[in-house]
Q: 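Below is the structure I would like to discuss, written out as structure tokens.
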Amino acid sequence: QPPALPGGRSVGEMPVAIYFGRSSELAFVVEPSDDIAVQEQPLILYCQVEGIQPITITWRKNGVMIVDSENAFMLANGSLYVSRFQRVRGDGSSDEGEYDCMAQNHYGLVVSRKAKIQAATMSDFHIHPQNAVVEEGGVARFQCQIHGLPEPVILWHKNSMPVNTDNERYTLLPKGVLQITGLRAEDSGIFHCVATNIANVKFSREARLTVSGSHSTVYKDPMILVGPENLTLTVHQTAVLECIATGNPRPIVSWSRLDGRPIGVEGIQVLGTGNLMISDLTVQHSGIYVCAANKPGTRVRRTAQGSLVVQAPAEFVQHPQSISRPVGTTAIFTCVAQGEPPPQITWLRNGQILETSDHIKLKNNNSTLSIYGINQADEAIYQCLAENSAGSTQASARLTVLWADGLPSPPQAVRAETVSATTIQVSWEKPLQNTKEIIGYVLHIRKAADPVEMEYQEAVSKSTFQQLVTDLEPSTSYSFYIKAYTSRGASKASEVTVVSTLGEVPAMPSLFIKVINSTTVQAMWEPSIKLGQHEGFKLYYRKVHLSQYTGPVLLASNVTAYNITHLDASVVYEVKLLAYNQHGDGNSTVRFVSLRETVERTVLNPPCDCMKDEQNNKTSTTGIIIGIHIGVTCIIFCILFLMFGYRGRLLMCKNVQEQLSTPQIPRSQRSATGFVLNGATRRDRDDRDLNGKQLDMNELERLFPASPSQEQQEKGITVSPAGWEHTRLGELSLSLLGQTTQVNSEPTSTGMNVFWEAEIAASSFVFKQTSSVALGQYKHGPTSAVTLCTRHLGGFLVVVPM
């Protein structure tokens, strides 16, 4: 007959639990659980296993094997029986500790979860109730506190009699607090508390409550006497958050969460006048709770807050599953657990901590166990242990390695030869034994520095004994091995061979050229991973008509720009850039650049006086305001000018047309006033000529070809270069993009100077522009029409003689 346990339960009675994710060959049905033992009382730890017999069960305490003795021995059903539990024995040892049971058969070994066994205890009271004098209608609070295992139950006595808990004004909180609200004279008395658990019963000191005077009507601000404490509990327990407030009028107590989430109603109860009790805790109840005491009808309030942390023991979301795999393949076990705080996962192999290696890897925070290239030595029972501060759990699965007789032996004479920077050729010979059933080979490839899980494979037909492996990285070591496959499984792996790819020169860089000024250009390029491994850059440049380069200019690998100075503006340059490394120079990128256009732009558009402009731009606030007024006035003036000027232009166009239709008078009869442009004297014109922008002669020759146009020939217009020097054009009519413009010109020893004043219509106003151009070496002679292009007016000028 098994001995009885505390609480009337016999040794033969054990809790039954159904476990998922266990090996059918060997698994736990019941595991030991945490418990609190009573001094000098018997203790039983349950362990029940199912599987293929014979099964051997053993027990450990704190990792040390337990040998049967008079005090502790194993029962026939596998449970451990401790006859007289002692916290401290005569030899200094203790029955407290972490216990687990192990079960083993010829398939493997499994270990149960750890059960924490503690002795039931009770300390002395470290907080006793204190005497209190409170006026009638107020609030009284007594507290006593004591530690013990299990948590002691605290009851209150008044005048040596249990407090009447049916009285709504009396609130007993689990942590040893007594609250009395709306005090009356009959509440006066002597109070003490009684603490009880399976270890002992203890009484606190007594405290007297005196209720004095009558109910006061003096206003008092709300005040929180005691606010909520910080609590750390486990799921399914009960939390009590204390909040007791006083004031006149009596304040209203309310609760909220600091994060704004609703507290909810299920399992929520208010104890007394403001204490919050949450039953059957879940992880979602964790948070910071705020107690507020409000004066009725006002916004006057006082607050206090406390945090609640709810822990959850580890539990499995996904259990590992038993699998069977052929020799040489990969086995993967997955074990996903949750809990609060997040559990730590540990793997065991036949009850021993699993050590990782080249072919055994743990990933995803130990949730995934991968065994590469399995062999018969890997056949075992693998366990996943999930543990956190709230508890632990375990699950097991078995790996069966399939091995068929008559499989081929490993492939022979594996060789690897480097072909290029990205290609290696691997060759081998067929196995020595059992080759008839071979259906193909598999080549296993990985970087020598990578872990095994980065390996990849390429399948090869059974009649092929070499494979060209491409798309490899330059200057990198690779490992290779071969397996022969049949319909019944794979051979063992061949010997591993390691070889490196050749080095590679860098790729061509991207090169851009930017003209800085008439003697300087900037070479720029972009850093790119496509360049590969490079030590730096080499820059060359030369005049295109020369054969020898200037350079190389050696630049570091992090440099991306270089200025080439002291260049000749009259020639075209060739710039060449390449990247280099220890394997040599890469292909170069070539660009051509001319500084000629920069010089021409400088002549046509002389640089501004930046210092002068900068000083002019430094205006005061007053100047800005005056400028705004002037601007508005100008806009109004321009609108008026547009209205009246439009009419004037129509009249002028009519006069010009009449002039064009009038026969030309001989040049000898023309007055000298014909050289006056819109009333401007020769001196004025010369001044404008000096201030005008000179156009490059070569540019004009390129822009204006010397041969007459097809249109001129069809109209019978002749060109007489010999008579050009004696040609004097008078006032001309210029057609510019539909606008009428006055032009004046004069012959020179080398060509002719043409002056014009154009009215150009912009979006909402009209302005005049006066400029000139020298037609050097333009010896078309006296023509009825001359066509030229000017950058100033952006169109074509048709010069028609009057």
Side-chain angles (χ1 to χ4, degrees), residues 1-15 28 30-49 55-104 109-126 145-154 194-203 234 313 346 348 351-353 385 387-394:
Q1 179 71 27
L5 295 176
R9 190 173 59 185
S10 67
V11 171
E13 301 172 0
M14 63 180 88
F28 289 103
V30 178
E31 296 182 68
S33 58
D34 298 344
D35 203 354
I36 297 174
V38 181
Q39 184 76 7
E40 300 294 334
Q41 295 294 323
L43 169 69
I44 187 169
L45 297 172
Y46 297 103
C47 180
Q48 183 177 341
V49 184
I55 300 174
T56 303
I57 297 178
T58 54
W59 282 86
R60 296 185 305 182
K61 187 188 80 171
N62 298 332
V64 179
M65 199 72 65
I66 297 177
V67 180
D68 284 354
S69 64
E70 293 182 359
N71 181 61
F73 54 89
M74 191 174 63
L75 301 176
N77 62 3
S79 299
L80 179 67
Y81 181 76
V82 180
S83 58
R84 293 175 58 213
F85 180 88
Q86 293 186 6
R87 186 178 183 185
V88 180
R89 295 187 174 274
D91 57 1
S93 62
S94 173
D95 291 332
E96 287 186 313
E98 291 185 337
Y99 291 78
D100 56 25
C101 69
M102 298 185 301
Q104 185 175 13
L109 183 149
V110 291
V111 179
S112 72
R113 67 178 298 274
K114 291 181 174 63
K116 187 176 183 179
I117 305 301
Q118 296 174 284
T121 60
M122 181 181 292
S123 66
D124 293 330
F125 282 98
H126 53 277
Q145 198 170 89
I146 189 171
H147 293 308
L149 281 176
E151 188 73 26
V153 176
I154 298 178
V194 180
T196 307
N197 70 2
I198 58 175
N200 210 337
V201 176
K202 291 193 175 182
F203 299 86
T234 307
T346 305
L348 304 180
Q352 302 296 320
I353 298 294
L385 302 181
E387 185 175 11
N388 65 6
S389 56
S392 65
T393 186
Q394 67 84 31

Q: If you compare all heavy atoms of Pro32 against all heavy atoms of Leu45, which two are closest, and at what distance to 0.1 Å?
A: CB-CB, 4.5 Å
Q: Please enumerate all residues that pass ring-ring contact (aromatic ring centres under 6.0 Å, His included) together with Phe85, with sequence neighbours excluded.
A: none
Q: To the nearest 0.5 Å, tell me how far Ser79 OG sits from Met74 CE.
A: 9.5 Å
Q: Would you say the side-chain atoms of Asn62 pair up with the backbone N or O of Glu98, donor to acceptor, closer than 3.5 Å?
A: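 Present.
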Q: side-chain contact (heavy atoms from CB on, under 4.5 Å) for Thr346 and Glu387? Distances and angles first, verdict last.
A: CA-CA 8 Å; Thr346 305; Glu387 185 175 11; over 6 Å; no
Q: Looking only at non-hydrogen atoms, find the nearest pair between Ile198 and Pro150 and report the distance.
A: CG1-CD, 3.5 Å
Q: Tell me the closest heavy-atom pair linking Phe125 and Ala195, and the distance in Å.
A: CZ-CB, 3.6 Å
Q: Does Thr196 have any side chain to side chain donor-acceptor pair (under 3.5 Å) partners at least two apart in sequence or in another chain, and if so, which?
A: none
Q: Run Ile44 and Leu75 through side-chain contact (heavy atoms from CB on, under 4.5 Å) and show every step you take.
A: CA-CA 10 Å; Ile44 187 169; Leu75 301 176; 3.8 Å; yes
Q: Could you tell me whether a side-chain N or O of Ser112 sits under 3.5 Å from a main-chain N or O of Cys101, the two making a donor and an acceptor?
A: yes
Q: Is Lys116 salt-bridged to Asp34, going by a charged N under 4.0 Å from an acidic O?
A: no
Q: Test side-chain contact (heavy atoms from CB on, under 4.5 Å) on Ile154 and Gln145; report intermediate values, then the result.
A: CA-CA 9 Å; Ile154 298 178; Gln145 198 170 89; over 6 Å; no
Q: Is there side-chain contact between Leu348 and Gln394, with heavy atoms separated by less than 4.5 Å?
A: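 No; the side chains remain at least 4.5 Å from each other.
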Q: So, the side chain of Asp35 versus the backbone of Ile117: is there a donor-acceptor pair under 3.5 Å, distance only?
A: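 Looks like no, no N/O pair under 3.5 Å.
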Q: For atom CD of Gln352, is the number of surrounding heavy atoms from other residues, nucleotides or ligands below 6.0 Å larger than 12?
A: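 Atom CD in Gln352 is not packed in, count stays at 12 or less.
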Q: Residues in side-chain contact (heavy atoms from CB on, under 4.5 Å) with Ser83, at least two apart?
A: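 With neighbours one apart ignored, the set is Asn71, Tyr81.
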Q: Under the salt bridge (Lys or Arg N to Asp or Glu O under 4.0 Å) rule, collect the residues that match up with Glu40, sequence neighbours excluded.
A: Arg84
Q: Here's a test for you: under salt bridge (charged side-chain N to carboxylate O under 4.0 Å, His left out), which of Arg113, Lys61, Arg60 qualifies with Asp100?
A: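 Of the listed options, the one satisfying the test is Arg60.
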Q: How long is the gap from CG on Leu80 to CG on Leu43, to the nearest 0.5 Å?
A: 7.5 Å
Q: Donor-acceptor check, side chain of Asn197 to backbone of Thr121, threshold 3.5 angstrom: yes or no?
A: yes
Q: Grab the two heavy atoms, one from Cys47 and one from Trp59, that are nearest each other, plus how far apart they are.
A: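 Looking at all heavy atoms of both residues, the closest pair is CB-CZ2, 3.3 Å.
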Q: Can you check whether Arg87's main-chain N or O pairs, donor with acceptor, with Gln39's side chain at less than 3.5 Å?
A: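 At least one qualifying donor-acceptor pair exists.
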Q: Taking only residues two or more places apart in sequence, or in another chain, which ones meet Lys114 in a side chain to side chain donor-acceptor pair (under 3.5 Å)?
A: none
Q: Looking only at heavy atoms, which two atoms of Asp91 and Ser93 are closest? And how far apart?
A: OD1-OG, 2.6 Å
Q: Quick check for you: to the nearest 0.5 Å, what is the distance between Thr58 atom OG1 and Asp68 atom CG?
A: 10.5 Å
Q: Under the salt bridge (Lys or Arg N to Asp or Glu O under 4.0 Å) rule, collect the residues that match up with Asp124, sequence neighbours excluded.
A: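 Salt bridge (Lys or Arg N to Asp or Glu O under 4.0 Å) check on Asp124 returns Lys202.
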Q: Shortest non-hydrogen contact from Ser33 to Ala115?
A: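 Heavy atoms only, the tightest pair is O-CB, 3.4 Å.
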